[in-house]
Amino acid sequence: MNDTFAVILAAGKGTRMKSKLYKVLHPVCGKPMVQHVIDSLSHLKLQETIVVVGHGAEEVKERVSTEGISYVLQEEQLGTGHAVKMAKERLQDRLGDTLILCGDTPLITTETLQSFIHFHQKEKADVTVLTTQLEDPTGYGRIVRNAAGEVNRIVEQKDANEEEKQIKEINTGVYLFSNEQLMDSLNKIQNNNSQGEYYLTDCIQILFEKGKKVLAYLTNDPDETMGVNDRVALAEAEQIMKKRINQKHMRAGVTIIDPQSTYIGTEVEIGSDTILHPGTIIMGKTQIGQECVIGPHTELRDAEVGDQSVIQHSVVMESYVGKATSVGPFAYIRPGSEIGDGCKVGDFVEVKNSKIGNGSKIPHLSYVGDAEIGQAVNMGCGSITVNYDGQKKHLTQVGDGSFVGCNVNLIAPVEIGAGSYIAAGSTITDSTPSQSFAIARERQVTKENYAERIKGKKK
Ligand code: UD1
Ligand code: CA
């Protein structure tokens with residue numbers, strides 16, 4: 001079998017996005033559009049994938065995986081044909097076929113590409129265009145066929161006459177060319193069209209007129225080949241991708257109460273019998289175990305959650321939550337936190353860069369930052385770590401089985417020995433040995449019948 005190469009066109013300015021962000025970096029379900037396209041190729045065992053980048057080149061290279069990808073620069077965006085020419089040096093003199101895709105078609109699937117390539121190879125075509133039928137083809141290039149039904153050429157919306165505009169079969173922007181014919185036809189394209197660009201689509205007519213085998217492969221899922229040119233299309237792509245991802249999880253045993261309001265990133269893993277409540281956003285490389293309850297209104301990014309844990313109305317970022325642990329409502333777990341099994345992190349609790357041992361409880365209104373809390377510790381309501389002196393962050397350690405009373409300030413660096421008690425309202429500046437009791441607060445003064453005097457003064 002011939003070798004197959006791929007070229008992804010991603011240098012366009014993306015003017016219609018009206019954005020500072022490079023078009024193909026706009027995310028769909030948390031992942032840059034062009035990364036979706038790259039990932040759709042990963043199972044195709046291609047010889048080489050070349051991404052054509054433009055003025056945002058450095059940003060693309062930074063934000064998109066580089067594994068198995070090489071980049072070529074198109075300094076000036078003179079059209080899709082000109083863009084492919086940038087990869088010429090890499091492709092000429094190499095036998096085989098080249099798959100060309102656009103970086104702004106994030107919904108394309110591996111399955112469709114596989115059947116497309118299979119069709120092209122079986123038919124021994126010189127070029128095959130992936131096409132689809134659209135009720136409203138506005139904006140796309142139209143497939144012009146002759147009386148015999150053969151594909152003659154592609155005409156862009158802006159260059160089409162009234163009759164051509166009626167054609168509903170459109171160019172999806174995915175092609176498979178024999179390298180030899182691609183190189184030859186690219187040398188012949190010109191920019192005498194309404195946009196003054198070098199159109200890749202003109203290669204079709206050139207090859208047809210040369211008597212080459214020009215075919216179209218029609219897909220019946222127009223969603224897949226949608227090109228995202230503006231924010232309206234971006235939102236549509238998000239909806240379609242979201243639906244696909246949600247359905248995949250539901251088929252694998254995850255209950256999603258309201259798929260409309262549930263957003264899951266492409267790389268997220270969720271165990272069976274986990275329930276996702278409305279308003280839940282799960283992104284990055286998050287992994288959730290089995291039989292968890294997540295949401296409502298919860299956001300997880302790059303989090304790992306053990307089986308049977310419950311996270312409600314909370315935010316968890318780059319952190320680990322163990323098994324059978326309850327988080328929230330209204331907790332904020334910030335990066336670098338590791339919360340053990342059977343813990344409770346309750347309402348209005350913020351945890352940052354801290355380890356919480358198994359079975360420990362921080363039930364309400366606490367801030368735990370840069371701390372190592374042992375196992376079976378109780379952090380009373382309102383207890384906080386005072387971790388920052390204005391310059392540096394310091395460590396707080398609380399030994400296993402300790403009981404920290406309500407409204408305690410632990411001024412770091414400080415270490416509370418295992419099995420200790422800290423009296424409510426204490427401000428602890430010195431470390432305590434294990435099994436101790438520490439109290440650090442003013443003694444109370446009670447003056448009997450004093451209220452009358454205060455009232456008297458007020459008059
Ligand atoms: C293109 C096709 C059109 C097709 C549509 C499918 C041409 C002339 N037209 O139109 O027939 O229906 O895609 O979505 O090819 N790009 C570059 N360098 C450039 C210009 C574009 O890399 O100089 C890249 C863009 O980043 C984009 C892709 O090529 O990923 C397509 O360009 P775009 O301007 O979006 O073309 P369309 O007008 O959508
Ligand atoms: Ca486009």
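For ligands, and for the atoms within them, numbers begin at 1 and follow the listed sequence. The residues of the chain are indexed from 1 along the displayed sequence.
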With heavy atoms of R16 as the reference, note each atom of ligand 1 found under 4.0 Å away.
34 (O), 35 (O), 38 (O)
Side chain or backbone, does G227 bring an N or O within less than 3.5 Å of an N or O on ligand 1?
no
What is the distance from atom CG of L410 to atom CE of M379, rounded to the nearest 0.5 Å?
5.5 Å
Would you kindly specify which portion of E197 sits under 4.0 Å from ligand 1, judged on non-hydrogen atoms: side chain, backbone, both or neither?
neither
For the 3.5 Å polar cut-off, considering only N or O atoms, please tell me whether L200 and ligand 1 meet it.
no
Below 4.0 Å, non-hydrogen atoms only: which portion of H82 touches ligand 1? Side chain, backbone, both or neither.
neither
Value for CD1 (I206) from NZ (K210), rounded to nearest 0.5 Å, stands at 9.5 Å
Would you compute the distance between atom CD1 of I256 and atom CD1 of I294 and round it to the nearest 0.5 angstrom?
12.0 Å
If you measure from each non-hydrogen atom of A10 to ligand 1, which part falls under 4.0 Å: side chain, backbone, both or neither?
backbone
Taking only heavy atoms of G103 into account, list the atoms of ligand 1 that are under 4.0 Å away from them.
30 (O)
Do K242 and Y263 form a cation-pi contact, if we require the NZ or CZ to be under 6.0 Å from the six-membered ring centre and within 45 degrees of the ring's axis?
yes
Can you list the atoms of ligand 1 that are under 4.0 Å from a heavy atom of T172?
6 (C), 14 (O)
R145 bridged to E169 by N-O distance under 4.0 Å
yes
Quick check: does L9 get an N/O under 3.5 Å from an N/O on ligand 1?
yes
Ignoring hydrogens, just give me the one of I154, T80, V24, V174 whose non-hydrogen atom is nearest atom 15 (O) of ligand 1.
T80
Distance filter under 4.0 Å to C102 heavy atoms, resulting ligand 1 atoms
28 (C), 30 (O), 31 (C)
Does the N or O separation between E156 and ligand 1 drop below 3.5 Å for any pair?
yes
Angle between ring planes, F119 versus Y217, binned at 30° and 60°: parallel, tilted or perpendicular?
tilted
Hey, does G12 come in under 3.5 Å of ligand 1, counting only N/O atoms on both sides?
yes
Close approach, N229 and ligand 1, non-hydrogen under 4.0 angstrom:
yes
Consider side-chain contact (heavy atoms from CB on, under 4.5 Å). Of I275, L276, T262, which one does I257 pass it with?
I275
Which segment of R142 sits under 4.0 Å of ligand 1 when only heavy atoms are counted
neither
So, does K13 sit close enough to ligand 1 that a heavy atom of it is under 4.0 Å from the ligand?
no
Has Q74 got any heavy atom lying under 4.0 angstrom from an atom of ligand 1?
yes
